[in-house]
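Everything on this sheet refers to the single structure shown next.
These figures come from a predicted structure and were not determined experimentally.
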Amino acid sequence: MSRTPPPETALPDDESVGDEAAVARCPYCDRPFVTDRQRAIHVGERHDPAAAEQQAYERARREESDELFRLHLRVVVAIGLLYAAFVVAGVVAFSLPG
């Protein structure tokens, strides 16, 4: 599997990333990150991590996967509720005398 190189970016000189302050920096390329989890994922995917960094990467990926599953679950429930509301509205609308 080939990895595409990251796009060339210019980072600000101060300790901020966008609107938020940088909490962590990559020990290899000095890139700033808002959270330690973002840094752990970056190090695991872009660099050759040490054993402790590899464990942090795997833990961060599990946490991210769990959050993504919960997001997908909420979206499916919301779509289901919306569909049920349309079905009920359709049944009510077609059962009214016209």
Side-chain angles (χ1 to χ4, degrees):
M1 180 175 116
S2 66
R3 294 185 182 175
T4 58
E8 292 296 322
T9 57
L11 298 174
D13 291 334
D14 62 353
E15 293 293 319
S16 66
V17 180
D19 294 337
E20 302 183 33
V23 172
R25 288 195 166 272
C26 176
Y28 300 98
C29 64
D30 204 36
R31 182 176 173 179
F33 295 94
V34 176
T35 65
D36 285 328
R37 184 167 70 181
Q38 290 173 343
R39 182 192 51 79
I41 291 173
H42 165 78
V43 169
E45 291 179 351
R46 299 288 179 199
H47 303 289
D48 187 25
E53 292 170 335
Q54 183 66 29
Q55 289 175 347
Y57 167 71
E58 291 168 2
R59 183 174 50 253
R61 291 293 297 199
R62 270 193 314 273
E63 291 171 1
E64 189 171 270
S65 178
D66 292 344
E67 282 186 24
L68 189 58
F69 174 76
R70 286 190 295 272
L71 172 67
H72 288 165
L73 191 59
R74 287 193 303 262
V75 168
V76 167
V77 168
I79 290 172
L81 290 174
L82 185 61
Y83 177 74
F86 279 128
V87 168
V88 168
V91 167
V92 168
F94 284 111
S95 65
L96 294 176

Subject >> Donor-acceptor under 3.5 Å (Arg39 side chain, Cys26 main chain) >> reply: no

**OP:** Of all the heavy-atom pairs spanning Ala56 and Ala40, show the shortest one and how long it is.
**Re:** O-CB, 3.9 Å

Original post:
Which pair of heavy atoms, one from Tyr28 and one from Val43, lies closest together, and at what distance?
Top reply: CE1-CG1, 3.6 Å

Original post:
So which heavy atom on Asp30 is nearest to which on Arg25, and how close?
Top reply: O-NH1, 2.5 Å

Original post:
Taking all atoms of both residues into account, what is the closest heavy-atom pair of Ala60 and Ile41, and its distance?
Top reply: CB-CG1, 3.7 Å

**OP:** Tell me, with the steps shown, if His42 and Gln38 meet side chain to side chain contact (heavy atoms under 4.5 Å, CB included).
**Re:** CA-CA 6 Å; His42 165 78; Gln38 290 173 343; over 6 Å; no

Subject >> Listed partners of Val75 passing side chain to side chain contact (heavy atoms under 4.5 Å, CB included), at least two apart >> reply: Leu71, Ile79

Subject >> Nearest heavy-atom neighbours spanning Val23 and Asp36 >> reply: CG1-OD1, 4.3 Å

Subject >> More than 12 heavy atoms from other groups under 6.0 Å of CG on Asp66 >> reply: yes

Original post:
What distance do Glu67 atom CD and Arg62 atom CZ have between them, rounded to the nearest 0.5 Å?
Top reply: 13.5 Å

Original post:
What pair of heavy atoms forms the shortest contact from Glu64 to Arg37, and how long is it?
Top reply: N-NH1, 3.8 Å

Original post:
Would you call Cys29 and Arg46 a side-chain contact if the rule is heavy atoms closer than 4.5 Å?
Top reply: no

